[in-house]
Enquirer: 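Got a structure for you, written out below as structure tokens; questions coming shortly.
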2 protein chains.
Amino acid sequence: MDGLFCAESIVVVGVSESEDNLGKNVMANLVNLGYQGKIYAVGPRGGEVLGHPVYRSIAELPGNPELAVILTPARVVHDMLTQCGEKGTRWAVIESAGFQELGTQGEMLEREILKASKRFGLRFVGPNCVGTANTAKGLYTAFVAFGAQFRRGKVAVFAQSGGVGLCLVERLCTSGAGISKFVSMGNKLDLDEADYLAYLMDDPETSVIYFYLEGFKRGRSFADLARRCPKPIILHKSNTGAMSLTIAHSHTAVLAADDQVVDAVCRESGILRVHSISEAANAAKGLCLPPLKGKNLAVLSRSGGHAVLAADVCASYGFRLPPLERDILDEAQSRGRAGVIRLGNPLDLGDIFDFSFYISIVEKVLRQNDIDGVVFIYVSQMLTEREATRRFVENMAALSLQSGKPVATVMDIPFEERVYLEKNSNFPFFLEPAEAVKALAVLSEWSKTDASDRLKPESDTAVPFHDALTIPVKEIEKWFVDIERQNRQPLLHEALDLLDLTGIPTVPWHMAGSLVEALEASENLGFPVALKAVSPSLLHKSDKGGLALDVRDVESLRNEWHRLQKVSDDIVGIVVQKMTTASRELVAGGKRDPSFGPVVLTGLGGIMVEVMKDVSMRLAPIDTDAAMEMLGELSGRRILGRFRGMREADLEAAARILVQVSLLMHHFPQIREMDLNPVSLDDEGKGAVALDARLLIGE
Amino acid sequence: MDGLFCAESIVVVGVSESEDNLGKNVMANLVNLGYQGKIYAVGPRGGEVLGHPVYRSIAELPGNPELAVILTPARVVHDMLTQCGEKGTRWAVIESAGFQELGTQGEMLEREILKASKRFGLRFVGPNCVGTANTAKGLYTAFVAFGAQFRRGKVAVFAQSGGVGLCLVERLCTSGAGISKFVSMGNKLDLDEADYLAYLMDDPETSVIYFYLEGFKRGRSFADLARRCPKPIILHKSNTGAMSLTIAHSHTAVLAADDQVVDAVCRESGILRVHSISEAANAAKGLCLPPLKGKNLAVLSRSGGHAVLAADVCASYGFRLPPLERDILDEAQSRGRAGVIRLGNPLDLGDIFDFSFYISIVEKVLRQNDIDGVVFIYVSQMLTEREATRRFVENMAALSLQSGKPVATVMDIPFEERVYLEKNSNFPFFLEPAEAVKALAVLSEWSKTDASDRLKPESDTAVPFHDALTIPVKEIEKWFVDIERQNRQPLLHEALDLLDLTGIPTVPWHMAGSLVEALEASENLGFPVALKAVSPSLLHKSDKGGLALDVRDVESLRNEWHRLQKVSDDIVGIVVQKMTTASRELVAGGKRDPSFGPVVLTGLGGIMVEVMKDVSMRLAPIDTDAAMEMLGELSGRRILGRFRGMREADLEAAARILVQVSLLMHHFPQIREMDLNPVSLDDEGKGAVALDARLLIGE
């Protein structure tokens with residue numbers, strides 16, 4: 001995308017001299033914010049804008065622009081694009097609105113645009129977007145006229161809403177962090193989140209990646225790239241509830257993905273998900289600091305109260321505050337005036353007001369081996385030593401870079417001084433202890449990920465498989481034939497058949513068409529047994545009307561058989577199952593997400609899933625390592641260990657089932673949902689068996 | 001405390017001409033920030049400060065100051081206080097440090113100060129504090145020289161750390177909210193959080209109360225007052241973890257209270273607990289708006305992305321966005337230029353840029369009956385219509401006051417414009433949608449509380465009792481006599497005795513001293529039974545070595561009896577209990593909190609308490625209404641209803657037990673902890689019985 005961000009010549013299409021012309025704003029940004037390349041303007045009415053002639057057509061242009069910025073009415077965009085293509089332009093930013101977000105006619109126009117662009121191999125941002133920026137080149141294509149350049153920095157801000165993106169840009173630029181590139185993605189008709197991420201992964205100007213998305217166009221590819229991305233990704237995925245859906249349709253015309261799937265994708269891909277602009281800004285600031293390699297912090301504060309706040313937040317994020325070395329404490333003590341401050345970590349500097357001392361003590365603390373990072377809280381409501389205060393963040397940044405350890409600097413200072421820093425600081429600073437510690441928590445989480453581990457070669461499944469668990473795909477394909485041909489849903493015994501075919505253990509079972517068969521099956525399985533009526537009409541019933549548990553003898557079996565025949569008038573048989581006695585139950589299931597495709601899910605059976613909604617999810621397929629991680633993520637995981645006199649549960653057997661479910665979901669896109677509930681889980685080494693199975697197949 | 005906040009004459013004790021004298025800062029604040037009363041300065045070296053003579057002693061003063069601000073070294077404070085008392089002064093702010101926070105000698109000095117103050121009925125703030133402010137009188141006693149007055153407003157900021165308090169003051173004053181009174185409480189040697197709250201409840205200048213506390217001096221009184229407080233209270237209670245404890249000792253010398261008790265107290269007293277300065281500021285801003293009487297909002301936004309963000313947050317806080325009336329939508333549509341914005345709620349105003357239209361549409365939306373409040377999101381990164389932008393928050397505030405409904409205004413504007421608003425706005429504004437909606441959520445929660453209901457007369461127990469459940473206190477007193485005399489802990493059968501005495505149902509039981517007695521008891525109770533070995537050494541063991549469950553016949557009883565005799569060498573007998581079969585279990589317990597006194601607790605037995613830590617707490621005593629609320633607060637409460645084929649559990653029986661436990665905790669301060677675990681809970685109407693009881697008594 002260097003053609004997009006580093007074009008040496010740009011044409012703005014849709015420029016006029018009239019007062020409210022937006023193309024003029026693009027021209028103003030290009031002219032005023034340091035862009036060094038060639039600028040052309042095109043508009044049907046001609047004239048001159050900011051010293052540049054406005055050509056009446058693209059064909060007339062004296063040069064061949066690398067990049068086109070298009071702001072014409074929607075209906076002529078595809079025509080402009082064609083003209084650009086003919087001039088050799090291969091990149092465009094289409095800012096015009098009035099496409100899919102307005103319905104059928106807009107969608108038609110979009111198809112025209114795609115056709116035109118494909119003809120020339122032209123790629124484009126938008127339509128329906130605010131524009132782009134590359135701070136390194138002073139290249140600003142936004143139709144919003146900015147008063148000044150963005151602060152140059154390491155954070156890329158790519159947003160599906162220009163308004164939200166610019167709000168974050170403003171926030172970052174006024175808190176010491178800066179921007180590498182900015183894109184307002186608009187309708188993502190051509191370039192989408194996966195394209196942008198692929199580019200940013202290798203962009204040397206960017207070290208922190210932020211996305212604001214209202215929906216995914218290629219969620220699966222985005223997730224696959226994210227897994228291998230060597231840079232931290234902050235994702236603000238909005239449009240989470242039904243209520244925002246109406247406006248999202250009208251705004252950038254996307255469908256909301258299942259929000260829990262988004263959470264699961266973020267967790268497994270190492271994406272940090274945020275839910276507000278402040279949270280995003282704060283995280284980005286943290287990630288601009290040198291890595292935080294351990295959980296040991298030192299807190300130095302000019303206010304005891306602020307130190308207490310910092311210590312609280314440190315504790316809640318699992319940070320430790322190890323003792324500071326004796327000579328550091330001694331030095332602090334020798335400098336204290338009234339001698340009222342006790343020494344420790346947090347170190348309350350109270351009445352010591354001496355900038356060179358602050359610098360020297362932070363330097364020493366950073367040299368202490370078991371300190372991984374520092375929070376320095378500078379508090380003064382008095383306008384004293386203005387110059388020193390203003391340089392302070394810079395000093396802390398220098399120490400931080402020197403030592404390779406992060407220093408998060410909190411500046412609680414008078415209004416005018418804060419405004420000065422917001423306007424001028426080139427290093428991130430924070431306004432209260434909680435912000436600083438949270439930012440370090442984000443940084444710590446990221447610093448822990450092994451970047452080399454993330455640079456795995458791209459694979460078809462995008463999951464590194466550490467085990468060789470497979471399923472007999474060919475044989476299973478045959479299972480689908482009849483059911484699909486008959487355009488119906490599988491019945492219980494068919495679902496159990498599928499599990500047997502797949503290699504997922506089921507509790508011994510037999511489909512009995514007659515009482516005699518049922519009696520025989522019970523003899524073979526051994527009493528007690530469970531009986532489950534099989535019928536198409538019972539498939540979608542959640543109540544247990546068709547069920548008889550703990551049938552202990554021939555007499556009871558006879559009675560229950562006759563009772564079950566009456567629960568529905570389309571009984572095709574009764575499944576006889578051996579009763580199990582294992583003490584723990586799981587749910588294992590799969591679903592197909594509209595954005596991310598197949599997903600596998602697990603939870604502890606009974607209360608934990610039903611009442612506590614305690615589940616874990618992954619994109620399918622997974623390997624057993626991932627399955628074991630899923631089980632370890634459950635809040636109630638203690639129950640699976642040695643618990644209340646029980647031995648450890650057979651987690652590996654459970655994990656194998658999850659892997660097999662994930663492989664079914666992966667290989668058979670016709671499965672929309674599947675549910676093994678419950679899976680009975682025995683003690684370690686004794687296996688796990690599915691007791692029940694439901695599948696939903698087809699569109 | 002009008003003498004403290006509205007004194008007509010003030011003496012500052014500890015003033016000198018020297019450069020770093022802090023008393024001079026107090027003088028500067030009094031002289032420069034609008035204080036109209038008489039100002040005196042006292043300092044041993046005399047001289048003149050800011051045009052005021054420095055008297056060498058308090059006795060020399062030509063007048064009788066109402067209020068003294070003391071900044072002398074700690075060792076002479078009590079002497080200064082005495083001199084003030086003799087001059088008729090009845091209020092003081094002691095800002096000097098060097099007291100309990102420094103150990104034994106400081107504590108001695110504190111006792112001297114208390115003695116001196118009591119002699120004259122003099123009340124004081126501090127010691128070890130920054131000072132106070134009353135914006136209505138321009139009365140600032142802080143030793144920090146402020147450049148300007150605080151913005152006058154309705155929020156009282158009372159903080160145990162001056163630094164944290166001033167940080168919030170700054171935050172509020174630069175976001176359109178203002179301050180009524182400020183107090184840095186320091187060591188709370190005399191005036192404490194309960195005194196301040198009692199004053200603020202009636203202070204006409206204050207309508208939102210904020211406390212920053214690192215510990216409670218009179219937690220129970222504070223909670224009792226909070227329950228009856230007709231104004232919203234925001235509590236930032238820090239010092240929550242062991243890690244902050246070290247610095248809190250040195251800072252204001254307090255002990256950390258059990259943090260979960262603080263949460264419980266906040267919940268039941270209607271206190272909003274916050275965990276950061278931003279959260280506090282945001283909540284206070286919300287509470288400055290007119291009440292939000294329902295959950296229906298309208299979101300109007302100039303940016304579609306911001307509207308999506310707002311809608312997401314609205315959904316997560318349970319707000320609804322009902323359709324806007326037809327004529328409002330029609331008007332918006334007729335104004336849209338490019339016609340690209342679809343209409344709804346949120347209403348995306350996109351390309352309509354017209355301030356008088358904004359005002360007229362908000363006015364109409366506020367008149368819509370089923371709209372309870374408005375979020376208006378103003379977004380512009382261009383410096384256009386600067387004057388109109390600057391007046392916009394003010395316009396929204398006027399509409400809000402007029403209609404009596406809140407309008408939360410989000411201003412996402414260029415840096416210079418934001419700074420202008422921060423400096424000048426007298427009405428709260430927000431910087432992003434999430435902030436505004438969260439503030440409205442706080443407001444909605446508060447608006448729902450019935451103020452008249454909170455103005456209950458003060459009662460001894462401070463809990464309104466709707467039922468007449470009592471316990472036989474006199475009889476129970478006798479139960480303690482022997483155990484306390486022998487300075488030991490009660491054994492199992494004694495604990496069960498106490499329950500029987502109290503009226504808490506126990507499962508039928510008998511203490512058997514011999515096998516014969518045990519056999520007889522089993523006959524009477526009926527098999528199966530449970531056997532529990534009773535011995536002092538088993539009291540503190542958590543394992544179940546001394547237990548035999550489901551003993552079904554005489555033979556097993558004999559075997560188990562002999563086995564249990566051997567589990568410890570101080571067996572005094574064996575409790576024989578009837579086995580119960582109820583399907584649900586609770587834990588009911590009590591503990592004594594160092595700050596708040598007796599507390600009652602409940603949770604669902606087994607996994608939900610052990611693994612999920614799902615408990616609910618209240619200050620004891622409680623009535624059955626409160627007990628029912630506690631059960632309703634449990635995350636797993638669904639299990640107590642109709643669940644998995646079970647009938648509703650007997651919640652009233654459970655509630656009665658909780659009330660009885662709370663009454664035991666209330667009447668018998670010698671009980672430190674008690675634990676009924678499990679309480680077996682039968683179906684509705686069938687009661688609940690305690691199966692086990694442990695008590696810890698004495699200091």
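Computation of the quantities below employed the complete heavy-atom set of this structure, encompassing side-chain atoms and omitting hydrogens, waters and symmetry-equivalent molecules. Chain A is the first sequence line, chain B the second, and so forth, proteins listed ahead of strands; every chain is numbered from 1.
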Enquirer: Heavy atoms only, distances under 4.5 angstrom: which of Val379(A), Leu431(A), Ile413(A), Thr174(A) has the most pairs with chain B? Name it, please.
Expert: Thr174(A)

Enquirer: Do Phe353(A) and Asp20(B) touch side chain to side chain, with heavy atoms closer than 4.5 Å?
Expert: no

Enquirer: Which bit of Arg302(B) is near chain A, if near means a heavy-atom gap under 4.5 Å: side chain, backbone, both or neither?
Expert: neither

Enquirer: Start with the C-alpha distance between Glu279(B) and Glu432(A), add both sets of side-chain angles, then the distance that settles side chain to side chain contact (heavy atoms under 4.5 Å, CB included), and finish with yes or no.
Expert: CA-CA 11 Å; Glu279(B) 198 189 347; Glu432(A) 62 167 308; over 6 Å; no

Enquirer: Go through the atoms of Phe99(B) and report whether side chain, backbone, both or neither lie under 4.5 Å from a heavy atom of chain A.
Expert: neither

Enquirer: Quick one: closest heavy-atom pair of Pro414(B) and Glu170(A), and the distance?
Expert: C-OE2, 4.4 Å

Enquirer: Relative to chain B, which of Val299(A), Val419(A), Asn25(A) shows the most heavy atom pairs under 4.5 Å?
Expert: Val419(A)

Enquirer: Closest approach of Leu309(A) and Ser238(B), non-hydrogen atoms and distance?
Expert: CD2-CB, 3.6 Å

Enquirer: Atom SG of Cys167(A) and atom NE2 of His306(B): how far apart are they, to the nearest 0.5 Å?
Expert: 4.0 Å

Enquirer: Which heavy-atom pair separates Gly163(A) from Ser303(B) by the least distance, and what is that distance?
Expert: CA-OG, 4.0 Å

Enquirer: Go through Ile277(A), Leu166(A), Val144(A) and name the one with the most non-hydrogen pairs under 4.5 angstrom from chain B.
Expert: Ile277(A)

Enquirer: Would you please name every residue forming a side chain to side chain donor-acceptor pair (under 3.5 Å) with Arg637(A), sequence neighbours left out?
Expert: none

Enquirer: State, to 0.1 Å, how close Glu214(A) and Gly305(B) come at their nearest heavy-atom pair, and which atoms those are.
Expert: OE2-CA, 3.4 Å

Enquirer: Can you give me the closest heavy-atom contact between Ser278(B) and Glu435(A), atom names plus distance?
Expert: OG-OE2, 4.4 Å

Enquirer: CG/Asp259(B) to CG/Asp312(A) distance, rounded to the nearest 0.5 angstrom?
Expert: 7.5 Å

Enquirer: Under the side chain to side chain donor-acceptor pair (under 3.5 Å) test, which residues partner Glu422(A), sequence neighbours left out?
Expert: Arg418(A), Arg418(B)

